[in-house]
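Worksheet: the structure to be examined is printed underneath.
All values below come from the heavy atoms of this structure, side chains included, with hydrogens, waters and symmetry mates left out. Predicted model, so just to flag it, every value in this text is computed and none were measured. Chain letters run A, B, ... following the sequence lines, proteins first, then strands; residues in each count from 1.
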2 protein chains.
Amino acid sequence: MRKSVTILDIAKLAHASPATVSRVLSNSSYPVSAELKRKIKSAAKELNYTPNLLGRQLKTNNSMTIGIIVPSISNPFYSSIVLGVEEIARANGYQVLLCNSHQDVILEKQFLQTMLEKQVKGVIISSISAEKNLLRQFSDKGICVISIDQHREGEDIYQINYDYRKGGFMAASHLAECGHTKIAFVTAPLDRPSRIYMVQGFRDALRESRILFNDGYLLVSEIPKNTNYNSNIEFENGKTMARRLTELSDRPTAVVACNDLMALGFIYELNRLGVRVPDDVSVIGFDNIDFANISMPPLTTVDHPKYEMGKFSCGMLFQVLNGENVNISEIVLQPKLVIRNSVRVLANC
Amino acid sequence: MRKSVTILDIAKLAHASPATVSRVLSNSSYPVSAELKRKIKSAAKELNYTPNLLGRQLKTNNSMTIGIIVPSISNPFYSSIVLGVEEIARANGYQVLLCNSHQDVILEKQFLQTMLEKQVKGVIISSISAEKNLLRQFSDKGICVISIDQHREGEDIYQINYDYRKGGFMAASHLAECGHTKIAFVTAPLDRPSRIYMVQGFRDALRESRILFNDGYLLVSEIPKNTNYNSNIEFENGKTMARRLTELSDRPTAVVACNDLMALGFIYELNRLGVRVPDDVSVIGFDNIDFANISMPPLTTVDHPKYEMGKFSCGMLFQVLNGENVNISEIVLQPKLVIRNSVRVLANC
DNA sequence: CTGTTAGCGCTTTCAA
DNA sequence: TTGAAAGCGCTAACAG
């Protein structure tokens with residue numbers, strides 16, 4: 001590897017000063033004569049020059065990079081978000097540093113620190129940490145942070161949220177309307193706002209429908225230890241939960257799952273056990289990932305505009321970066337029930 | 001946003017020189033007295049110091065960043081790869097810049113250029129471009145490039161490939177062994193090595209089984225224009241192909257699809273049209289993504305060790321970066337048939 | 001063990 | 001319209 005060519009080499013070759021070369025090559029609006037401009041450009045081409053952005057970035061204090069932290073990109077829910085973010089970032093000439101927290105609070109914190117050090121201009125995070133003021137140091141350093149999906153209580157940061165409570169409410173209400181009264185809730189650990197709100201909405205709906213909630217119907221999966229989180233785990237958890245459900249003495253006729261992956265695993269296992277969906281057990285999922293379509297039967301679920309959330313949050317980030325006045329600091333996206341074929345309408349309806 | 005604190009501020013506060021501060025804060029092995037070390041560390045904490053890696057990176061010419069380019073992370077196939085890469089990168093203290101090429105050759109090239117400028121230490125790419133010497137300038141600049149999944153003919157770069165030919169062969173052979181003779185191949189455009197090799201293997205298998213391949217059985221989907229590539233497109237293409245299949249005068253009894261997403265869409269649509277899988281039509285997919293399990297029926301498919309490919313390629317990258325002698329420049333991963341329930345064994349077998 | 005100093009590659013005043 | 005020179009934050013010779 002030979003010494004890399006810099007602006008100085010070009011200056012020499014084009015008989016110009018480094019300053020002028022910089023102005024030409026960085027598309028500055030600064031006036032430079034057409035003649036010199038041409039000479040510099042051709043010199044750059046001749047030397048096969050590649051600008052070293054580290055130099056520029058250090059000088060201008062702008063890394064043209066944003067970071068995104070999600071639990072795991074292997075979950076289609078998050079890959080949709082990331083895709084949306086990346087799209088808007090690209091449109092603005094930025095790149096994105098991707099971090100999978102693997103549901104690990106410590107890892108998440110490390111990533112946050114590294115991003116700070118790498119001088120990202122902003123961070124979009126779906127945090128699984130409950131730590132207060134986790135994101136404080138970013139605002140302190142003038143770095144824009146947008147928290148998405150997981151509501152952060154009482155922190156003075158931008159948030160794009162989703163009404164999980166209402167989503168849980170809609171799911172349970174739908175089941176109630178279809179005549180179900182023995183309704184279970186199948187979920188991963190209630191260790192974060194989204195899931196807590198969901199259960200809350202779920203319970204509210206039952207109460208409103210005058211359905212008594214049997215606490216034995218709240219099925220919570222274990223946290224897998226010492227393993228990288230990925231989509232398979234949710235799916236497997238769904239399978240486990242299905243087995244637990246079938247062992248229940250007074251078996252529910254319907255369940256809502258905290259996400260589609262889990263619902264899909266749940267249905268898979270029920271099929272395998274010979275329990276028919278929706279004939280024997282109805283299932284409602286959450287998120288409406290693309291794959292909600294392909295299960296047998298196609299999954300009725302609560303839609304979450306993930307991709308839009310990604311685009312939206314990143315758009316907001318750039319508004320803030322560009323100094324536009326963003327006066328709304330919290331936005332709440334709305335759930336929508338998507339009815340497919342995994343819920344049975346009972347006769348008494 | 002106040003002026004950010006630098007190594008100099010700490011030096012002042014701790015009554016030390018910037019050099020010493022640097023040595024302490026960058027965990028250099030350079031000897032510093034315990035006393036001074038302590039003072040510097042506490043000063044750093046007091047000032048809430050965050051190192052600016054841009055400075056270090058410029059100086060040391062090491063960005064501690066690698067790049068990865070894939071068509072789209074919304075495809076679980078690629079998100080698995082990325083997950084593997086990210087894991088190894090993290091273990092080595094590196095971060096990864098994620099780029100989705102959206103199957104766009106021009107975009108891919110731009111990303112490559114930006115990575116060059118951002119001084120990544122290496123790039124892992126599943127390229128959809130057929131351009132010769134696309135990756136040449138990286139080796140020229142001493143940047144390690146590892147091409148994955150898509151075989152690059154005659155380019156002097158590291159490659160981790162997969163035997164798509166053999167995979168196609170295995171799929172077709174399996175169908176032949178199950179007694180099928182009217183076998184279709186359903187694929188996205190044959191614009192890259194993987195697919196071309198697959199068809200080739202497919203044809204070879206038929207020939208070997210003395211089955212005549214009807215050219216009308218090669219169903220190739222259109223390239224969607226003016227839209228960002230994502231997993232939904234593959235799925236939709238699969239649906240379209242299913243409709244095309246049912247319109248064929250002499251309908252095949254079996255098909256192999258070029259990837260699971262497509263196979264899943266294909267099955268979905270057949271189900272909808274009342275064509276039973278595998279009773280009426282057998283289907284084999286490709287990749288063995290997690291979701292291959294959840295279709296109805298569960299998909300028989302050809303396994304691709306994607307996640308391992310990601311880890312492996314990134315491991316190789318670091319071997320090269322660390323100057324270890326990597327004498328194998330091309331590695332070929334092997335396919336494996338995963339039999340589930342989407343293939344019917346015909347009576348005459 | 002500690003400090004001085006040069007400089008990574010670039011941009012940007014400021015002066016000409 | 002051009003150039004000289006300072007300096008972004010950090011590290012690494014080198015000297016002491």
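- Rounded to an integer number of Å, the gap from NZ of B/Lys12 to P of C/dG3 is 15 Å.
- No side-chain donor-acceptor contact under 3.5 Å links B/Asn133 and B/Glu155.
- Along DNA chain C, the nucleotide closest to B/Pro18 and the one closest to A/Thr20 are compared, and the more 5′ of them pairs with B/Pro18.
- Within 4.0 Å (heavy atoms only), B/Thr60 reaches sugar-phosphate atoms of the nucleic acid but no base atom.
- Side chains of B/Ser72 and B/Ser74: a donor-acceptor N/O pair is present below 3.5 angstrom, by distance only.
- For C/dT11, one of the phosphate oxygens OP1 or OP2 lies less than 4.0 angstrom from a side-chain nitrogen or oxygen of A/Arg56.
- Between the side chains of B/Thr65 and B/Lys121, not a single donor N or O lies within less than 3.5 Å of an accepting N or O.
- Following rounding to the nearest Å, B/Gln119 (CD) and D/dC10 (P) show an atom-to-atom distance of 19 Å.
- One interatomic measurement links the two molecules: CG of B/Leu8 to P of C/dT5, which rounds to 13 Å at whole-angstrom precision.
- A/Leu36 comes within 4.0 angstrom of sugar-phosphate atoms only, judged by non-hydrogen atoms across all strands, and of no base.
- For the side-chain hydrogen bond (donor to acceptor under 3.5 Å, both in side chains) with A/Ser127, the qualifying choice from A/Gln150, A/Lys109, A/Glu108 is A/Glu108, the only one to do so.
- Between A/Lys37 and A/Val24, the shortest heavy-atom contact is CG-CG1, 3.8 Å.
- At whole-Å resolution of the value, CD1 in A/Ile10 and P in D/dG3 are 14 Å apart.
- For the residue pair A/Asn161 and A/Glu330, a side-chain donor N or O sits within less than 3.5 Å of a side-chain acceptor on the partner.
- No engagement by A/Ser28 is indicated, since no non-hydrogen atom pair under 4.0 Å with the nucleic acid exists.
- Note on A/Ser22: a base of the nucleic acid sits closer than 4.0 angstrom, heavy atoms only.
- Note: CD (A/Glu117) to C1' (D/dG9) measures 13 Å, nearest angstrom.
- Along DNA chain D, the nucleotide closest to A/Ala19 and the one closest to B/Asn52 are compared, and the more 5′ of them pairs with A/Ala19.
- Residue A/Ser33 places at least one side-chain N or O under 4.0 Å from the OP1 or OP2 atom of D/dT2.
- Between the CG atom of B/Leu54 and the P atom of C/dG9 there is a distance of 15 Å, given to the nearest Å.
- Note on B/Leu58: a base of the nucleic acid sits closer than 4.0 angstrom, heavy atoms only.
- Atom-to-atom, CG of A/Leu47 to C1' of C/dG9 comes out at 15 Å; the value is rounded to the nearest Å.
- Taking atom CD1 of B/Ile7 as the reference point, atom P of C/dT5 lies 17 Å away to the nearest angstrom.
- Using a 4.0 Å cut-off, no side-chain N or O of A/Tyr49 falls inside it from OP1 or OP2 of C/dG9.
- Across C/dT11, D/dG9, D/dG3, the shortest atom-to-atom separation from the side chain of A/Arg23 is found for D/dG3.
- Ranking D/dC8, C/dT4, D/dC10 by closeness to the A/Lys59 side chain, first place goes to D/dC8.
- Checking the phosphate oxygens (OP1, OP2) of C/dG9, a side-chain nitrogen or oxygen of A/Ser4 falls inside 4.0 Å.
- The base of D/dT2 lies close enough to the side chain of A/Tyr30 for a donor and an acceptor atom to sit less than 3.5 Å apart.
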